[in-house]
Each structure stands twice: as C-alpha cells, then as structure tokens.
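Before any comments, here is the structure.
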Amino acid sequence: LQGTFVHCDVFNWNKSIKEKLQVSWDTVANTHGGPIHALHDLHDQKHQKFLVMFGFKRLKHLPDFKEIWIWSKHKR
C-alpha cells in the first residue's frame, strides 16, 4: 500500500469536538489529497462509525480481525 496512515485519539466526544475535528480533518484531507489509510479492529464498532463519519471506506481484510480502511479525494 502506498499512502499515509492516520491515527486519532478522542477522549471526550460531543457536538463541539466533532465540529472542530471535522474542520481539522477536512483541512488535512483536502491538503493531503489521499490516499489516507486507517487500521481498524473489527471488534471496535465505535471506531467503525468514526471511520464512516469521516469518509473512509473498507479496503482490505487482514489476519487477526484487522482491516485497512482508505480515504481518498477521488471516489473508488
């Protein structure tokens, strides 16, 4: 895989934090242009909701209940 892997820890979640994070993510993603990857544990449903919310799509299954998700400016 070519591209950048991204990670974000969110300890408190509310509407204000979501709005600020969305603005920051839009800036990073649009400046970078993609592809941007994220490693996902299939057991973590909250993380999957987060990935979908920010425009990631499932790309590839890995061993041990892991997946790689991808964000790209261009639709796949």
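Throughout, residue positions are numbered sequentially from 1 according to the sequence presented.
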Give me each pair satisfying salt bridge (Lys or Arg N to Asp or Glu O under 4.0 Å) with a member in residues 17-35, each pair once, sequence neighbours excluded.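 Counting only pairs at least two positions apart or across chains, no salt bridge (Lys or Arg N to Asp or Glu O under 4.0 Å) contact touches residues 17-35.
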Result of checking Leu51, Leu62, Leu42 against Glu67 for side chain to side chain contact (heavy atoms under 4.5 Å, CB included):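 By the side chain to side chain contact (heavy atoms under 4.5 Å, CB included) criterion, Glu67 pairs with just one of Leu51, Leu62, Leu42: Leu42.
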Give a yes or no on whether Leu39 and Trp71 share a hydrophobic cluster (residues Ile, Leu, Val, Met, Phe, Trp, Tyr; joining criterion: side-chain heavy atoms under 4.5 Å apart).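 The answer is no; the residues belong to distinct hydrophobic clusters.
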Is Ile70 linked to Met53 within one hydrophobic cluster, defined over Ile, Leu, Val, Met, Phe, Trp and Tyr using a side-chain heavy-atom separation of less than 4.5 Å?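 As far as the 4.5 Å side-chain criterion goes, Met53 and Ile70 are not connected within one cluster.
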Once you measure the plane-to-plane angle for Phe50 and Phe54, does it fall in the parallel (<30°), tilted (30-60°) or perpendicular (>60°) bin?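 Ring orientation, 0 to 90° scale: tilted.
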Partner set under side-chain hydrogen bond (donor to acceptor under 3.5 Å, both in side chains) for [X], not counting sequence neighbours:
| X | answer |
| --- | --- |
| Ser24 | none |
| Asp44 | none |
| Trp25 | none |

Heavy-atom check, side chain of [X] versus side chain of [Y], under 4.5 Å:
| X | Y | value |
| --- | --- | --- |
| Ile68 | Phe5 | yes |
| Cys8 | Val10 | yes |
| Val6 | Trp69 | no |

Would you sort out whether Thr4 and His37 count as a side-chain hydrogen bond (donor to acceptor under 3.5 Å, both in side chains), showing the intermediate values? CA-CA 6 Å; Thr4 301; His37 301 91; over 6 Å; no
Only counting residues at least two apart or in another chain, list the ones meeting salt bridge (Lys or Arg N to Asp or Glu O under 4.0 Å) with Lys66.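 Result, salt bridge (Lys or Arg N to Asp or Glu O under 4.0 Å) vs Lys66: Asp41.
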Taking only residues at least two apart or on different chains, which pairs with a member in residues 8-17 satisfy side chain to side chain donor-acceptor pair (under 3.5 Å)?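 Listed by first then second residue: His7-Asp9.
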